[in-house]
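For reference, the structure discussed in these notes is given below.
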Amino acid sequence: MATERVGIEGRPLERTSSTNGNEGDGDADAADSDLAAALDVAVDGDVRFDEYTRVLYATDGSIYGAQPAGVIFPRDGDDVRSAIRVAADYGAPVLPRGAGSSLAGQAVGPGCIILDLSRHMNEICEIDPDERRATVLPGVVQDDLDDALEPHGLRFAPDPASSNRATIGGGIGNNSTGAHSVRYGITDAYVEACDVVLADGSLIHTRDVVLDSPEWEDIVSKDDLEAEIYRTVRAIIEDNADEIEARYPTLKRCVSGYNLQKVLRENEAGEDVLNLSKLVVGAEGTLGVVVEAELSLVTRPEKTALAVCCYDDLLDALAAVPEALELEASAVELMDDEVFRLAAESPEYAEYAEPIPDGTAAVLMVEFDSEVVDDLSAALTNATERLVDDGAAFDSIEALEPETQDRLWKLRKASIPLLMSMDGDPKPYPFVEDASVPPEELAEYVASFEEILADHDTTAAYFAHAGVGTLHIRPVLNLKDDDGVETMRSIAEDVTDLALEHNGAFSGEHGDGLARTEFNPKLYGPTLWQAFKDVKSAFDPDWRMNPGKVVYREDDPTDIREHLRYGPDYASLEPQTALDFEDDGGFSHLVELCNGCGTCRQTDGDVMCPTYRATEEEITTTRGRANLLRAAISGEIDPEERYSDRFQEEVLDLCIGCKGCQSDCPTGVDLAKLKAEVKHQYHEREGTSLRERLFSNVDRFAAAGSTAAPVANRATNLPGARTVLEKTLGIAPERTLPSFQRETLVDWFADRESTVDPETATAGVVLFPDTDTNYSNPDPGKAAVRVLEAANIRVAVPDLGPTGRAAYSTGMLDDAAEHGEALLEDLEPYLERDWSILFVEPSDAAMVVDEYRSLLPDRVEEDRLERLVSNAYGVCEYLDANRLDERLSVDYEDAHGRVTYHGHCHQKARGADHHAVGLLRRAGYAVDPVDSGCCGMAGSFGYEAEHYDLSRAIGDLLREQLEASAAETATADGGESTVVAPGTSCRTQIGDFEGYDRPPHPIELLAAALEA
């Protein structure tokens, strides 16, 4: 079930030499070079010790950052064993890592060898529905596992908010859980057995072992590390039984320290069994590396229902938690008004916050499922009666439909990354965010917590798992300031004391890491702290496995204040920019908005990040690119590196400008904008290539091709012509090139008579003749004119220059701005008459609506620019928003058919991809809008020879979705489905798929539905 992807050059992933990037550039010292070379010989997977890789893996989703020595991408458990043996020979620390979404700094290790287990070790080995068991490798993404289990009616119970990119191995390391721990508990309850590679490279199989049984005696009688571990762990648990009983909180969630309280238990036969799996879970990779895990599963409820109860006071909401738990709820979650505010300001999440009433200070989300509650509707009514009518809540949103529930849950899951999008350097940081107390003490705990915040002159945001007493509270601090760092530590000390006072745990979900390990001695006392160290020594005698997490050496204590990503010593340059970054807080602030949450690694929906989906390379994520940009502007790497060929080719050129990060990234890191600016600065210094000039001025060359048609079309098919284009311009010979029409759309329109009487027209519009529609494929433009005139709209198609999209995409911002100024001047006579500007091509619409605001402010008066931007629409957007299709006479019988709709990524980025779907459905089409990302063509990207393979690999992901939609259609009624796509690039890419024709634009289908 694992998927092989292409490399960043578009080739199948190959081994990367350990000296790649090291020779001659001073990247690694001699010791690291020797270590890298030894690892390269020992393992089959890639070994990378170069500077870029070290920067990419220096951070996770936490506040911490420290460069590792290098990164290994093991292909299997044997690779892990070999790597650990070599590391032992060199005395090097080792850190296993999944998606790097952890929030306490577990995946940050200064000088460590990081084992990225997500790349290759991502296979679901076996599913046994009868036993409700699954065996997986550690790199399996949880949502992928749940998708595979869904046909069997099963799922893995823990459900962290990061489940669409977090790996099972990471969840085991952190003892993860999620919103439904009220019912299901946490990961340690579902890990039955593990294959674990120990610090000496040996492999053990952890499982239930009956004490003093023949199996037990066979294990402990040997003279090896496994035997020592079993003997030591048993002795520690038996010798410290009273202290374990007294010190461990009796909570559903406690993930601080080692799980000594769960290793030894009585089985169904009344025998005492010891299972080291329970100790490995939550150990954060400090005891060994899990290379395979056997998991127990739970059944999937057929239906759920959700009541969202709204309170005008946070403490009132918390005080209602015990009563909510009496309602047989499967989840009780809380969000506060800061989450709602930030969501409302986020393009991705604004629509999900809309149902929350004004004046809501906090909500309790109370979920019920059909396995516990017989009548879901009655459960919702009961919840409203008890929590609203008879309680302190002032309103309740009741959701029975899955779609409505999903939207509310999406808001809840976005809470963490949304909070990190707060403007300015002060942020709500995670360092005390998941202390857990008994739910009945939650309100009192939070009241005391607020006193701590007041004492430190700060505030916090509140959300998360109220039903189990785990409330994520994030104090707002500026960690770039010495006082802010000291305040962080002081608050952590006070909150540890407060958690102890309430018989709680310092961490109920996100683990210890670099953030909380320092406080484990206080939480557990000296006896258990020594027991933890003895466990560590038994598993890892040299303390090389993810050092400084869970436990620490007395001569090298973990300190919450060290290794901060943005500490007092952090400084970044703010470059002079051609684009306006004022609304983003500045260039550097936009870069620093990346908090490392890893949403860009998701592969199950939305747009970003298409290059990661095809390559599974960290450098091709928004997070990876932002990390390297941040390193360059902060001096972590040489700032001049931004102008190197490597940075341009591997960091920037592989961003295809889909703008998915603008909408899908919860903090709104607009990498396409950052790329355009840095490419512009590069061109200012280094100049531009012939190909870049060609692509940025494609409108001019298309005009020439149209004038010379049909001769120009035949020229590219002459023998050797494609080879010449590849060698001189780097254009992929496999790619279908545009053909040109002698009669342009502008010419066609000028030669016809309008069917609309200017005196009776209800509105006027300019239909923008974009390059493809004007010179190569005028049919969508003609269809748009027909539909608009059928709706009694007066249409003009003047001869206009380009929007500047092509120049913008190649970073030629001066040229793009000149095009924008000229276009505005040409359009002003129409704008002064209150005409709208419509675009057939989505990327041109996005250029005007999105990019002009930052491209033209210094060149154009604000009111002139705003008038253009606010009156620019995609053609389907304009028709749908004004319901103009209701004026059309549609032949529903002829129009009826099935449509698979692929929306353009730029439309999705600005929330405009649904308009065509609505129009086509109302015209009688059955539309299946696929949840697709970028097609991979991305304007000129897909034509470039060095990017062709990667472009096709991204396209293959889209093709799989189109084929799945077609198969579903055939299953439903045996009919066929027509693929439609609004983007020129999308239609080109799909048309190059084997067995596919170039699909029509949705406006063409709407025109076809009109009655003759």
Side-chain angles (χ1 to χ4, degrees), residues 1-18 20-21 36 39-40 42-50 52-60 68 70-84 94-102 107 109 112-125 136-145 162 164-173 197 285 289-293 596 598 600-604 609-624 627 650 654 950 953-954 957:
M1 294 188 183
T3 302
E4 189 73 16
R5 299 301 190 194
V6 301
I8 59 175
E9 299 299 329
R11 301 184 297 272
L13 284 170
E14 300 172 352
R15 297 188 62 194
T16 302
S17 169
S18 60
N20 182 22
L39 288 166
D40 196 43
V43 304
D44 289 331
D46 299 350
V47 176
R48 299 181 186 173
F49 274 53
D50 62 287
Y52 280 21
T53 300
R54 297 200 307 270
V55 170
L56 290 170
Y57 285 82
T59 59
D60 55 8
V71 181
I72 301 173
F73 303 89
R75 291 191 174 273
D76 51 31
D78 287 341
D79 260 5
V80 173
R81 298 182 69 185
S82 297
I84 289 179
V94 176
L95 192 168
R97 172 171 164 140
S101 58
S102 49
C112 284
I113 298 169
I114 288 181
L115 305 177
D116 183 345
L117 305 175
S118 69
R119 169 74 58 74
H120 302 299
M121 298 180 66
N122 56 6
E123 182 180 352
I124 300 173
C125 305
V136 303
L137 301 188
V140 172
V141 173
Q142 177 159 341
D143 277 4
D144 292 344
L145 173 60
S162 56
N164 63 359
R165 69 269 191 196
T167 63
I168 295 295
I172 290 172
V197 179
V289 180
V290 174
V291 294
E292 186 174 291
C600 43
R601 288 176 61 104
Q602 65 180 329
T603 59
D604 60 344
C609 199
T611 47
Y612 173 74
R613 295 182 186 191
T615 67
E616 295 186 352
E617 288 271 5
E618 179 70 19
I619 198 171
T620 61
T621 64
T622 300
R623 177 174 73 178
N627 271 334
E650 295 186 18
L654 295 184
L950 179 54
I954 298 170
L957 303 177

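Everything quoted here is computed from the prediction, not taken from an experiment.
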Residues which pass side chain to side chain contact (heavy atoms under 4.5 Å, CB included) with [X], listed by chain and number, not counting sequence neighbours:
{"X": "Leu137", "value": "Met121, Glu123, Cys125, Glu292"}
{"X": "Pro96", "value": "Leu117, Val289"}
{"X": "Ser118", "value": "Asp116, Thr167, Arg601"}
{"X": "Cys112", "value": "Pro93, Leu95, Pro547"}

Q | Residues Arg48 and Glu617 bridged, charged N to O under 4.0 Å | A | yes
Q: Starting from the C-alpha separation in whole Å, work towards a yes-or-no answer on side-chain contact (heavy atoms from CB on, under 4.5 Å) for Val136 and Leu145.
A: CA-CA 9 Å; Val136 303; Leu145 173 60; 4.0 Å; yes
I need the minimum non-hydrogen distance between [X] and [Y], along with the two atoms involved.
{"X": "Leu950", "Y": "Ala614", "value": "CD1-CB, 3.7 Å"}
{"X": "Thr621", "Y": "Cys600", "value": "CB-SG, 3.7 Å"}
{"X": "Leu654", "Y": "Thr611", "value": "O-CG2, 3.0 Å"}
{"X": "Gly139", "Y": "Asn122", "value": "O-CB, 3.6 Å"}

Q) Who passes side chain to side chain donor-acceptor pair (under 3.5 Å) against Ser162, sequence neighbours left out? A) none
Roughly how far apart are [X] [atom1] and [Y] [atom2], rounded to 0.5 Å?
{"X": "Thr620", "Y": "Glu618", "atom1": "OG1", "atom2": "CD", "value": "8.0 Å"}
{"X": "Asp79", "Y": "His120", "atom1": "CG", "atom2": "NE2", "value": "8.5 Å"}
{"X": "Tyr57", "Y": "Leu115", "atom1": "OH", "atom2": "CG", "value": "11.0 Å"}
{"X": "Thr615", "Y": "Ile954", "atom1": "OG1", "atom2": "CD1", "value": "8.0 Å"}
{"X": "Leu957", "Y": "Thr603", "atom1": "CG", "atom2": "OG1", "value": "9.0 Å"}
{"X": "Thr59", "Y": "Asn627", "atom1": "OG1", "atom2": "CG", "value": "3.5 Å"}

Q | Polar side-chain atom of Thr53 near backbone of Phe49 as donor-acceptor pair, under 3.5 Å | A | no
Q: Return yes if some donor-acceptor pair links the side-chain N/O of Arg119 with the main-chain N/O of Pro74 below 3.5 Å, else return no.
A: no
Q: Begin from the C-alpha positions of Asn164 and Val141 and carry the test side-chain contact (heavy atoms from CB on, under 4.5 Å) through to its verdict.
A: CA-CA 7 Å; Asn164 63 359; Val141 173; 5.7 Å; no
Q.
Please enumerate all residues that pass salt bridge (Lys or Arg N to Asp or Glu O under 4.0 Å) together with Arg97, with sequence neighbours excluded.
A. none
